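A short write-up of the structure that comes next.
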Protein chains: 2
Amino acid sequence: MDAVDRQLIQALRENGRASYAELGRLVGLSGPSVTDRINRLESAGVITGYRATVDSASLGLGVTALIGISLSDATDHQDVADRMRSLTEIEDCWFIAGDDSYMLKVRANDVDGLESIIRRLSALQGISRTRTTIVLSTKWEDRVGALPGE
Amino acid sequence: MDAVDRQLIQALRENGRASYAELGRLVGLSGPSVTDRINRLESAGVITGYRATVDSASLGLGVTALIGISLSDATDHQDVADRMRSLTEIEDCWFIAGDDSYMLKVRANDVDGLESIIRRLSALQGISRTRTTIVLSTKWEDRVGALPGE
DNA sequence: AATGAAAACTAATCAGC
DNA sequence: GCTGATTAGTTTTCATT
């Protein structure tokens, strides 16, 4: 992965629909060269996909919350993660150091929907306690930062 | 926003580079109709952008952490958010209810980079305390869930 | 690895319904 | 708000270096 690859990645992080022709003009390569490089980055697992970003509120998802998860004694972490995966409202799932074992970011239509998520989480085998923090407002999310230097 | 719009949104959340022709075949409309609808969704702020998703580790970002932020007395929340915005390592910034005022998700090259972020945060005017939780492993992130029903 | 050219496909525009 | 036709631009393939 050289400087041109990093430039392509950065451009696609900012605009995932940029055409290969446009990217070629940006980095000073032909369209086919850009296609080659991007195919390689995708195959190597560097670029993992392309997503439209959507305003949650417009989709009716008015409530965002962070939920810390404590596990029961002698519970396998990975089994719990596998079970949590079935709750599609969980957008992010991090295994963390500290008081809790997992931190989740969830989105629900409203507080009733959030209550339903918490109930379903609490009912999962291996989860002993949940600690929910409501997000009052999102200042920003998924921001594209500068690429780390060499 | 009707059922077809929601179908288009869902398809673009799963593959942000889907062509309009392909989307048209999916929903049973012509290319130009799809273009119209998507332009409308973009103008209305429902679709906010398109991003390539990238494997952080491949970019050299080996450390993810969640940082809770407590504010000094009589500090304006928004001013602090504006100051934190200059730290490009902060990918997400949520204003939250509870013990802390903000929760941040940050990414750094390594623990030294994380230390540098925490130092810079602590030095910001209006921040009294930070509470850092290291992410040991990411089970999943930015998962595309089912669209909320009607 | 990259290029240039050809073929296939897609996007954008527009008149018409 | 959708369609179908036109034009311009893009992607893909491939022979060549």
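All values derive from a computational prediction rather than experimental measurement. A, B, ... follow the sequence lines: proteins, then strands. Residue 1 opens every chain.
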Quick check against the 3.5 Å criterion: does A:Ser58 have a side-chain atom that pairs as donor or acceptor with the backbone of B:Val46? no

Can you find a side-chain donor-acceptor pair between B:Glu14 and A:Tyr50 that sits under 3.5 Å? no

Judged by modelled atom types alone, do A:Ser128 and A:Ser70 share a side-chain donor-acceptor pair under 3.5 Å? no

For A:Gly28 and for A:Arg17, find the nucleotide of DNA chain C with the closest heavy atom, then tell me which residue's nucleotide is more 5'. A:Gly28

Answer yes or no: is there a side-chain heavy-atom contact under 4.5 Å between B:Glu91 and A:Val144? no

Contacts of type salt bridge (charged side-chain N to carboxylate O under 4.0 Å, His left out), residue A:Asp5, not counting sequence neighbours: A:Arg37

salt_bridge(A:Lys105, B:Asp92) N-O dist < 4.0 Å: no

Between B:Trp94 and A:Glu141, do the side chains contain a donor N or O and an acceptor N or O under 3.5 Å apart? yes

The correct set of residues in residues 41-54 of chain A placing a heavy atom under 4.0 Å from DNA chain C is none

Which nucleotide span of DNA chain D, 5' end to 3' end, has atoms closer than 4.0 Å to non-hydrogen atoms of chain A? D:dT10 to D:dT13

Below 4.0 angstrom from OP1 or OP2 of C:dT3, is there any side-chain N or O of A:Ser33? yes

May I ask you to decide whether A:Asp142 forms a salt bridge with B:Arg51, counting only side-chain N to carboxylate O separations under 4.0 Å? no

Donor-acceptor contact present, side-chain A:Glu89 to main-chain B:Ala146, <3.5 Å: no

Interatomic distance where CZ belongs to A:Arg37 and C1' belongs to C:dA1 [whole Å]: 8 Å

Inter-end axis angle, the helix from C:dA1-D:dT17 to C:dC17-D:dG1, with every axis fitted to five base pairs (rounded, 10 degrees): 30°

Quick one: do the B:Ser56 and B:Arg107 side chains pair a donor with an acceptor below 3.5 Å? yes

Rounded to whole Å, the CD-C1' distance (B:Glu22 to C:dA11) equals 14 Å

In 5'-to-3' order, the base (B), backbone-only (S) or no-contact (-) status of each nucleotide in nucleotides 12-17 of chain C, using a 4.0 angstrom heavy-atom cut-off, is SB----

What's the CG-C1' distance between A:Asp5 and C:dA2, to the nearest Å? 13 Å

To the nearest 0.5 Å, what is the distance between CG on A:Asp82 and NE2 on A:His77? 13.0 Å

Please collect all salt bridge (charged side-chain N to carboxylate O under 4.0 Å, His left out) contacts where either partner lies in residues 55-80 of chain B, sequence neighbours excluded, each pair once. none

Determine, for B:Tyr102 and A:Lys139, whether the Lys NZ or Arg CZ falls below 6.0 Å from the six-membered ring centre while staying within 45 degrees of the axis. no

